[in-house]
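No experiment lies behind these values; they were computed from the predicted model shown.
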2 protein chains.
Amino acid sequence: MRSDESDDRLNRAFLALADPVRRAMIARLSRGPATVNELAEPFSISKQAVSKHVQVLEAAGLITRSRDAQRRPCHLVPETLEALTAWIDAYRLTAERQFRRLDSVLDTLKETER
Amino acid sequence: MRSDESDDRLNRAFLALADPVRRAMIARLSRGPATVNELAEPFSISKQAVSKHVQVLEAAGLITRSRDAQRRPCHLVPETLEALTAWIDAYRLTAERQFRRLDSVLDTLKETER
DNA sequence: ATTGTAGTCAACTAAATGGTTGATAAAAGA
DNA sequence: TCTTTTATCAACCATTTAGTTGACTACAAT
C-alpha cells in the first residue's frame, strides 16, 4: 500500500498515541521537560523499554530532546499535537455539516408532506 | 501493563487512525455513509482485508453500521473523533500554558538583568 | 430453484510491536 | 583513576497486525 510523506507522519504520530505508556508520557511532558529516568518512574518496565517509547515519540515528532550533561531531557512539541487535531477536525466538521444537510432535507420532506 | 477502560477506548481509536487505509475510509465516510464494497473501491486489497479494517473502525467506536437488505452501510461517529481531539487538546493547551509561563519567567529575568 | 451480490469466518503467513537481559558509551564526581 | 549516573545498542522472544486464499452465510432477483 502506497504512503506519501504526510501519511507516514500521521501513521507514526497516531501509532505513538495508541499506547497508554506513551500517552502518560505525553501527559507528564505537558507539564514540563523530563528525563528518561523521570518518565520511567511511574512504570514497572525496564529503562530500556522506556527509552524505546521515547524514541517512538521522537520519531513521530511529538517530542524533541536537548542536552544537559549526561541527561537528555524530553520536551513536548505542541505543533505536532495540533496537526493531529487539525486532521481529525477536518473530517469531523465535514461529517457534522453533512448531518446538518441531511436534517434540512428531512425537514423539507416533512414540510412537503404537510 | 494495566489499562483501564477509557485507556482501551483511546488505544483502539488511535490505533485505528494509525493506518492510511483506515484514515482514507474515515475521509470517505465524512462525506456520507458507504458500504464495504464502496469503501474497498479505491484500494488494491481484498474485500476481506477491507472488512477487517471496517471491524477495527467499528470496535474503536469510530463508525457504526446499519442494515439495508444484504448491504451493511457504515456511518461515521463524529463524537468519537471529538473525544480524541479533546484528549489531545487537553495536553496541548497545558503545554502551551507552560511555555507562556516560562516565557514570562525569562522576561522577568531580562528585566532584572537590565 | 438457481444464480448473483454483499459480506464474513477461518486458517495461514510475514512483518512489526513491546517487552526482556546483557554489554556499552559518555559525562560527572570521588 | 575508579565509580556512579544516565542513557543507548544489540540480540532475542511473544504477541499482534495486515494481508492472503478458500469456504461459507444471507438476502435478492430471475
Side-chain angles (χ1 to χ4, degrees), chain A residues 1-4 7-26 28-29 32-75, chain B residues 1-4 7-26 28-29 32-75:
Chain A
M1 193 49 40
R2 279 280 296 118
S3 271
D4 71 18
D7 259 7
D8 282 347
R9 306 184 95 238
L10 287 172
N11 290 347
R12 279 195 290 269
F14 281 124
L15 188 61
L17 294 184
D19 182 292
V21 171
R22 287 190 295 256
R23 280 200 306 279
M25 289 174 169
I26 294 286
R28 165 64 188 79
L29 290 173
T35 64
V36 169
N37 279 330
E38 285 163 354
L39 289 175
E41 211 257 300
F43 303 107
S44 53
I45 57 177
S46 69
K47 199 176 37 167
Q48 290 92 327
V50 172
S51 190
K52 280 193 194 178
H53 281 302
V54 167
Q55 285 171 48
V56 170
L57 290 170
E58 193 178 16
L62 287 165
I63 67 169
T64 56
R65 314 190 64 181
S66 51
R67 254 291 166 194
D68 168 25
Q70 70 271 58
R71 263 158 239 123
R72 318 230 7 232
C74 304
H75 316 260
Chain B
M1 191 52 38
R2 277 282 294 119
S3 271
D4 70 19
D7 260 7
D8 282 348
R9 305 185 95 236
L10 287 172
N11 290 347
R12 280 195 290 268
F14 280 125
L15 188 62
L17 294 184
D19 182 292
V21 171
R22 287 189 296 255
R23 281 200 305 280
M25 290 173 168
I26 294 285
R28 166 64 187 79
L29 290 172
T35 65
V36 169
N37 278 330
E38 286 164 353
L39 289 175
E41 211 256 299
F43 303 107
S44 53
I45 57 177
S46 68
K47 196 177 42 168
Q48 290 91 327
V50 173
S51 189
K52 280 192 193 177
H53 281 302
V54 166
Q55 285 172 47
V56 169
L57 291 170
E58 192 178 16
L62 288 165
I63 67 169
T64 56
R65 314 190 64 182
S66 51
R67 255 288 168 197
D68 168 25
Q70 70 271 58
R71 264 161 237 122
R72 317 229 11 230
C74 304
H75 315 260

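- Rounded to whole angstrom, the span from the CD atom of A:Glu38 across to the C1' atom of D:dA7 amounts to 13 Å.
- Rounded to whole Å, the distance from CZ on B:Arg71 to P on C:dG4 is 17 Å.
- Rounded to whole Å, atom C1' of D:dA18 lies 16 Å from atom CG of A:Asp7.
- Taking 4.0 angstrom as the limit, A:Gln55 places a side-chain polar atom (N or O) nearer than this to OP1 or OP2 of D:dC9.
- A residue-by-residue look at A:Lys52 and A:Arg65 shows that A:Arg65 has its nearest nucleotide of DNA chain D further toward the 5' end.
- Place A:Arg67 and A:His53 on DNA chain C by their nearest nucleotides, and A:His53 ends up nearer the 5' end.
- For D:dA18, one of the phosphate oxygens OP1 or OP2 lies less than 4.0 angstrom from a side-chain nitrogen or oxygen of B:Arg22.
- The shortest side-chain heavy-atom distance between B:Arg71 and B:Asn37 does not fall under the 4.5 Å cut-off.
- Counting heavy atoms from C-beta outward, A:Val54 and A:Cys74 have side chains that approach closer than 4.5 Å.
- Between the NZ atom of A:Lys47 and the P atom of C:dA23 there is a distance of 14 Å, rounded to whole Å.
- Looking at A:Leu17 and A:Leu62, their side chains come closer than 4.5 Å, going by heavy atoms from C-beta outward.
- The nearest heavy atom of DNA chain C to A:Gln48 and to A:Asp19 marks one nucleotide each, and the one closer to the 5' end goes with A:Asp19.
- An OP1 or OP2 oxygen of C:dT5 is reached within less than 4.0 angstrom by no side-chain nitrogen or oxygen of B:Asn37.
- What separates CG of A:Leu15 from C1' of C:dG18 is a distance of 11 Å, to the nearest Å.
- Rounded to an integer number of Å, the gap from CG of B:Leu57 to P of C:dT8 is 12 Å.
- Remark: A:Thr35 is in phosphate contact with D:dA7, judged by side-chain N or O atoms under 4.0 Å from OP1 or OP2.
- In terms of phosphate contacts, B:Ser46 brings a side-chain nitrogen or oxygen within less than 4.0 Å of OP1 or OP2 of D:dT20.
- The side chain of A:Ala69 has C:dA28 as its nearest neighbour among D:dA28, C:dG19, C:dA28.
- Taking each heavy atom of B:Arg65 and B:Arg72 in turn, the nearest pair found is NH2-O, 3.0 Å.
- Atom CD1 of B:Ile45 and atom P of C:dT8 are 13 Å apart (whole Å).
- Note: CG (A:Asp68) to P (C:dA28) measures 9 Å, nearest angstrom.
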Any chance you could lay out the side-chain contact (heavy atoms from CB on, under 4.5 Å) test for A:Leu39 and A:Leu29, step after step, and finish with the verdict?
-> CA-CA 9 Å; A:Leu39 289 175; A:Leu29 290 173; 4.1 Å; yes
